[in-house]
Structure formats: C-alpha cells, structure tokens
There are 2 protein chains.
Amino acid sequence: MTRQRPPSSIAVARLAGVSQSAVSRTFTPGGIVSPATRARVLAAAEALGYRPNLLSRSLTTGRSGIVAVAVGGLSNPFHAMALESFASGLQRMGRQVMLVVVADEWALGSAVELLSGYQVDAVLSSLSVNAADVADALTRFAVPIVTMNSSVTTRFVRTVAADDHGAGIAVAKHLHAQGARRFGYIAGRAGTLAQERREAGFRQGLAELGITQCARAQGDHHHGGGCAAVRAMYGAARKTGSATGLDGLFCLNDLTAMGAIDTLRDAFGLRCPEDVLVAGYDNVAASAWPPYRLTTVDVGLDRIAEQAFALMEAAEGEPSEVLVTPQLVLRASTRR
Amino acid sequence: MTRQRPPSSIAVARLAGVSQSAVSRTFTPGGIVSPATRARVLAAAEALGYRPNLLSRSLTTGRSGIVAVAVGGLSNPFHAMALESFASGLQRMGRQVMLVVVADEWALGSAVELLSGYQVDAVLSSLSVNAADVADALTRFAVPIVTMNSSVTTRFVRTVAADDHGAGIAVAKHLHAQGARRFGYIAGRAGTLAQERREAGFRQGLAELGITQCARAQGDHHHGGGCAAVRAMYGAARKTGSATGLDGLFCLNDLTAMGAIDTLRDAFGLRCPEDVLVAGYDNVAASAWPPYRLTTVDVGLDRIAEQAFALMEAAEGEPSEVLVTPQLVLRASTRR
DNA sequence: GCGAATGTTGCATAGGGATGCAGTCCAGCG
DNA sequence: CGCTGGACTGCATCCCTATGCAACATTCGC
C-alpha cells in the first residue's frame, strides 16, 4: 500500500546514460558537470518528472533547511501577524516552515522534542520561556530556539524582547499628559511575562508622576476579557457610589482594549476618549478602525523577525538576547 | 562547520550491546522486541539523548508524515482561522504541518513543486484552483492536494466547497424579509471564485423575489475596501440627489462589511441596522463585537477541515469533491 | 610530441533507519 | 528426552543523495 515512489536519481541516471553521481551533481548547487552532461541529465529528469528528494539530501548534508515556528493560538491576530512575518521572511531565505500550535511553554518542550526528530535547523517561538527547567530541557535538544520576551536564556534558548517596560512607562506618561488622573490596568493571565512587564512599566511611569494608585482587573487576552474586566472595575465603583471612575486605562493588548471600549460605552455610557482614555498594545489591524482608533504600541514585527533570524543563525558564543524598541502609535482613543 | 550530529541508532546499539535493528524495532510502533532488550535500549537511548531521525525513517517508509498547508495571507483572520483548524487537526492526527504562504494559485504551483521535494504526504490549500492548466500542473506531482472552493478537480486536485451560492440566496431572502428593498453587493477581486458564487447566489435570490436591480462596487477583501466601496456607492447616489440609497448590503466577507458599516456611519450618517441592513461572510471573531453585531455566514471550518482530512487520504477512485452547507448567523446588523 | 595541468566522470561509501530472512534460544509437549 | 513452535535477534540490504578519491580524457605548454 506504500505510495508509488517518485523517480530517483538512479532512474534519471539510467535514462540519461550517466552515473548517479552525475545526476546528483547537476542538482547540487556548485556541482561540477560538463554542460553536455548537465543537458542530458536535465532532459532525462524532465522526462521522468524527477525532483531531488530533499529529505534524503538533508540526511547527508546534516541540514534540513526546515525551521519550526511555534505559535500560541491564531485566534489572536497578533500571533497571526507574528507567524506571517516569520513565515514570509523564512520563505524568502529559502527555508521551509514547520508550524506547531502550542498551548504554553511546557507544551513547547514536547513540541520541540518531536521537531528535533525532523532535524529542524532552528525553532522560532512567539511564546516566551520563563521557567528555568523548561529552558534546560530545551537546551538539551541542541537546536537553536529563538523565543519572544523570555526571561531565561541559555546557549540554545535565545530571545528577542521588546522593551515592554519602557513602553509601559511611555503609555503612562502619555495618558497623564492627555489629562487622565485615575488609572487602571487590565492584565492578562498571570505568568505571561510580557504583559507583566508592561504593567510594571506602567506603574513605574505613574510613580514617576507621583501617582501610586492604579486599579487592576484581569482579562483573558481576548475581547471578552476586556469586557469582563471593565465590568468588574466600573461595576464595583458604581455600587460604592463613587462618582468619578477611572479615566485612564492601559490594557495588556488591543483585543482587550477594544472589549474595554465597547463595554465602557454599552454598559456604562462612558465614551472614549471623552470620558476615559484607553490604550492597548500590539497594533493589530482592527485597532485602527473607526469605532476604536486605538492608541497602541507597535513592537515592529518585521524588525523582530529580522533579529530572530540573526539569533537563530548566531554561533554559540554570541549574545543570546536582543532588545528592540517598540513605538507608541497615537490615535484618537487617547486624544482630548 | 556542519552541526554536531545527534546520536544515531548505531551509537545506541553499541552502548546497549545490541544490534542496530533492535534499536530500530524498539522505536518502531509494532516492532517486536523482548521487554529486556527494550529496557536496555531505552536506557541507552535516554543516556545519549537519542531520538530517531524521522527524515531517515521516511526515506525507508516512503511516507514523511508531513502535510503542507498553503494559505493566502494571514492578515485576513479568516485565513488565520482556517490555518488553525487545519493545523490543530493535523497535529491531533500526529502529522506535521509545513506552512507555505502563497499569493495566488499560480504561486501554489511552484510551492507544491518545492514541497514535493520534501515528500509531503498531501497539501491542504485555503486557496482555490480554477485554472485548468494549474490543476494539470499540480496533478503531475502525484500528491493529493485538497483545496477550498475550486472549480476544477482532478485525480489529485480535490476540493471541499461551501455552498456559497446557496448562502447568497439565503442572505438575499433574509435581507428582504427584514425589510430591505434596494440592494447592493460589495465584491472582491475578480477571479476569486468563492465570492463570485456568493454574488451569483445573492442575485438569484433577489431575482426569485422579483428584484432585478442590485448595485455593485468592488472592495479588496479588507476593511479599507469596504470603506471605499461604500463611498463609491453612496457618494454617487448623493451627488445625483437620489434621496433613498441602498438599504440592503451584502459584502463578500466580514472585514469588508465592517468597513462598510463604519463608513456608512461616519461618512454618510447612516446607521446599521436602522437605515441599512448589512451582512457579511466568514463569521470572523470581530463580527460579533458590539459596534458591528454583524449578520454573517459561518462555513464551519472544523467541518471543512474534517472533510479535507478525509479527502487527502481518499484513494484515487473516490469522488474528489465535497460540499458543505454553511450556516446563516443572525445578528443585530440585519434586525429591524 | 610528450609530460603536466585541467576538467570530468564514475566508483564506492556514508548518512540513519526499516525490514525480510535465517538462525538462535527456550518453553512446552508428547 | 527429543522435537516443534514461538519469540527474538542479528545480518544484510535497501531507501536516495552527496562527496572524496581515483581514473580518465583533453588540452596546453614547451
């Protein structure tokens, strides 16, 4: 029941009346063959529909040309964008992309275990690695793993991080400059480091402005989480009769911010930016749409991808961490 | 400079004091080994960090376990969702996913050429194949290719199609039932068959209601295209002084519909659904958000994925086309 | 015209693993 | 106790391509 095997270099050689090595050489970049032989081989290959078996090739060369990309759920357009950046960049470099959808950094471990069986040359992950034992486990596979925003790195586990902390500070100052005075942060799942850094930066920025109060609620990285968080934050305030609610909201990401804006309007009659300033993070396509015009932070995925490519090809000695500076994108959601 | 090679089955065999075949059999599902030998092999493998080289394995078995997925740009969340459905399903089946981002069906041809070198077991494509010569070219690679909504199929080019035509009819009748009387369709790029079928269905549905007029403008499959199309449609009407504009709009997809709704409101002061009923297609996550609450069509990606998996494993004799019935999702954008 | 340098070619083998076949060992049975 | 069958095991090959090396042909230089 084994599928019909495609023609091999031997078949081509036989048809062209040359040796198998001649066939191999005509298809190996830099291989030395006379023009006459090359022509005969190519003709025979064409006739048989021959294509070199790349798996076999990588068996001898030791490099598969395959790079694995691990992402954490494509329903979040940010991950989709990250994947697209990685994939199109790698394709341009002539490498193949093996995709793995992964739940968390532990799942990343077992995914890499499997992938290492496919001899992938490197792994790019939009998830971060923050547990030391995970990093250790990953290091054993001896394949370069480039992650985003990891707090732990090793010889093989490298990371390209956006300056989330700095971006958080910038957002705080911007919201304050636009007139916000009572602040809140909508967080993501505990343990997702990038957004924890955003919060820390945000709070530090506020502190530098002499503000120590900052409300907090937890979302889920999606639109619905923003809705629920706003309900929790503002619903409580309403019950206690506190008239003036929060007027400056920073959300761990754009989806959350859009949920927040929608719920502020529909459930509390609060308009953005008139009543509350809202900022997000990621610069997802929808954040520019009219109902939101969301001020947000753009991490520059193409630059990140570039750095990731450099890191995955870096030698073991070189530094395994790169920091990129994200860009504040100002829109109407924070404009008074 | 060739990377340090990982341990081979021979190294494990040496350490365990058994033959290479014993190692192979230990790691081959269904391989016959005594418990004692298996234990010694596993211990040795563990000690060396051995993992079978899956590329080599596929060399002998003739099956790589790799399925290629070709998608056309992940900035459209629909493609991202399709990819996620395919990828997670394949992962569950224990197959690896090789990802290719492709511009159009011709690019699909060269992509498959490359992929066939990697001995992929099948190709799943969210693009459709409508040119006969492309289908022929693809057929030559003798690898099953499952596409979405193709008009041409061959032994190897199969397709799972949603009943776009039927969905178009249903949308027409629904809009009419909700009170719309003057209709318009916002189209996508010419040559993208699925949306052309939606339009045809929509027009047929209108015809069955005795309506032959249907305005038309062209979008670009994204939010901006919906904006531009509405500007074209309503701006022209405004100039000619025609008071009553279109009041029932069907858009090739959700992104377009959301752009349309935004521009109707912001540029023309028309509210949805009070002044214009708008329906989209795809049931993207954002279509459920409060500013839109968009009536749309859900093609049921998980069902499509399932059918695609069946098709990719189908024998040559079996039918190479499957039709799934999409579902109308009613929301406030068409509710009077 | 002859030796040498140059350019090609094929042979043989490696790379990691799967598997048909023949042989080994032991338990169970008569 | 001898024999048969079953359970394993190892040997030898094969899968397909890349490549070092030796053999060969050709042309160049003197």
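Throughout, a chain's letter reflects where its sequence line sits, starting with A, and its residues are numbered from 1.
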A.B. asks: Expressed in angstrom and rounded to an integer, what is the separation of Leu54(B) atom CG from dA18(C) atom C1'?
C.D. replies: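 It works out to 13 Å between those atoms.
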A.B. asks: If the cut-off is 4.0 Å, is Ser9(B) near the phosphate of dG17(C), judged by side-chain N/O to OP1 or OP2?
C.D. replies: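 The answer is yes; a side-chain N or O of Ser9(B) sits under 4.0 Å from OP1 or OP2.
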A.B. asks: When the nearest nucleotide of DNA chain C is assigned to Ser21(B) and to Leu59(B) on a heavy-atom basis, which residue is associated with the more 5' position?
C.D. replies: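 Taking each residue's closest nucleotide, the earlier one in sequence belongs to Leu59(B).
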A.B. asks: Where along residues 30-40 of chain A does a heavy atom fall under 4.0 Å from DNA chain D?
C.D. replies: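 Of all residues in residues 30-40 of chain A, none places a heavy atom under 4.0 Å from DNA chain D.
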A.B. asks: Drop me the distance from Leu54(B)'s CG to Thr61(B)'s OG1, to the nearest 0.5 angstrom.
C.D. replies: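 Separation between the atoms: 9.0 Å.
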A.B. asks: Please report, rounded to the nearest Å, how far the C1' atom of dT17(D) is from the CZ atom of Arg57(A).
C.D. replies: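 My rounded result for the distance is 8 Å.
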A.B. asks: So does Val67(B) get a backbone contact from the side chain of Asp121(B), meaning a donor-acceptor N/O pair under 3.5 Å?
C.D. replies: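 Pair absent, no side-chain N/O of Asp121(B) close to backbone of Val67(B).
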A.B. asks: Is the closest side-chain heavy-atom distance between Phe86(A) and Val71(A) below 4.5 Å?
C.D. replies: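 A side-chain contact is absent here, since even the closest heavy-atom pair is not under 4.5 Å.
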A.B. asks: I want to check one thing: is the phosphate of dC14(D), taken as OP1 and OP2, less than 4.0 Å away from some side-chain N or O of Thr60(B)?
C.D. replies: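 Answer no for this pair, as no side-chain N or O of Thr60(B) is under 4.0 Å from OP1 or OP2.
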A.B. asks: With respect to the side chain of Ser24(B), which nucleotide from dT19(D), dC11(D), dT19(C) is positioned closest?
C.D. replies: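 The closest nucleotide is dT19(C).
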A.B. asks: How close or far is atom P of dA18(C) from atom CZ of Arg5(A), stated in whole angstroms?
C.D. replies: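 Going from CZ in Arg5(A) over to P in dA18(C) covers 13 Å.
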A.B. asks: Is the phosphate of dT17(D) approached by Tyr50(A) (side-chain N or O, under 4.0 Å from OP1 or OP2)?
C.D. replies: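 The answer is yes; a side-chain N or O of Tyr50(A) sits under 4.0 Å from OP1 or OP2.
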A.B. asks: Please give, in whole Å, the distance from dA14(C) P to Gln20(A) CD?
C.D. replies: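 Roughly 15 Å, once rounded to whole Å.
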A.B. asks: Measure from CZ on Phe27(A) to P on dT17(D) and round the result to the nearest Å.
C.D. replies: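 Rounding to the nearest Å, CZ of Phe27(A) and P of dT17(D) are 9 Å apart.
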A.B. asks: Is a donor on one side and an acceptor on the other found under 3.5 Å between the side chain of Gln195(A) and the backbone of Gly188(A)?
C.D. replies: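 Yes; judged by distance alone, with no hydrogens or angles, the pair exists.
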A.B. asks: Could you measure the distance from the OG atom of Ser34(B) to the CD1 atom of Ile32(B)? Nearest 0.5 Å is fine.
C.D. replies: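 Separation between the atoms: 11.5 Å.
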A.B. asks: Do Arg40(B) side-chain atoms and Ala16(B) backbone N/O form a donor-acceptor pair below 3.5 Å?
C.D. replies: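 Answer holds: yes.
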A.B. asks: Yes or no on side chain to side chain donor-acceptor pair (under 3.5 Å) for Thr147(B) and Thr159(B), after CA distance, side-chain angles and deciding distance?
C.D. replies: CA-CA 5 Å; Thr147(B) 61; Thr159(B) 199; 3.1 Å; yes
A.B. asks: Can you figure out which of dG17(C), dG20(D), dA18(D) approaches the side chain of Arg25(A) most closely?
C.D. replies: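 So the side chain of Arg25(A) is nearest to dG20(D).
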A.B. asks: Can you measure Leu55(B) atom CG to dG17(C) atom C1' for me and round it to whole angstrom units?
C.D. replies: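 Roughly 11 Å, once rounded to whole Å.
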A.B. asks: Output the single nucleotide from dT17(D), dA18(C), dG10(D) whose closest atom is nearest the side chain of Ser19(B).
C.D. replies: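 Out of dT17(D), dA18(C), dG10(D), the nucleotide with an atom closest to Ser19(B)'s side chain is dG10(D).
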A.B. asks: Figure out the CZ/P separation between Arg63(B) and dC15(D), and round it to whole Å.
C.D. replies: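 After rounding, the reported distance stands at 19 Å.
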A.B. asks: How many Å lie between CZ on Arg14(B) and C1' on dG16(C), as a whole number?
C.D. replies: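 Answer to the nearest Å: 13 Å.
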A.B. asks: Show the nearest heavy-atom pair for residues Gln119(A) and Pro6(B), with the distance to one decimal.
C.D. replies: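 The pair with the smallest heavy-atom distance is NE2-CG, 4.0 Å.
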A.B. asks: Looking only at heavy atoms, which two atoms of Asn149(A) and Arg197(A) are closest? And how far apart?
C.D. replies: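 The answer is O-NH1, 3.8 Å.
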A.B. asks: Could a donor-acceptor pair under 3.5 angstrom be found where the side chain of Ser56(A) meets the base of dC16(D)?
C.D. replies: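 Per atom types, the contact qualifies.
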A.B. asks: Which distance, rounded to the nearest 0.5 Å, do you find between the NE2 of His79(A) and the CD of Glu84(A)?
C.D. replies: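 Going from the NE2 atom of His79(A) to the CD atom of Glu84(A) covers 15.0 Å.
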A.B. asks: Taking any heavy-atom pair under 4.0 Å as a contact, classify Val23(A): base, sugar-phosphate, or nothing.
C.D. replies: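 Answer is nothing: Val23(A) stays at 4.0 Å or more from every strand.
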A.B. asks: Just report the end-to-end axis angle for the helix from dG1(C)-dC30(D) to dG30(C)-dC1(D), five pairs per end, to 10 degrees.
C.D. replies: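 Terminal axis comparison yields 40°.
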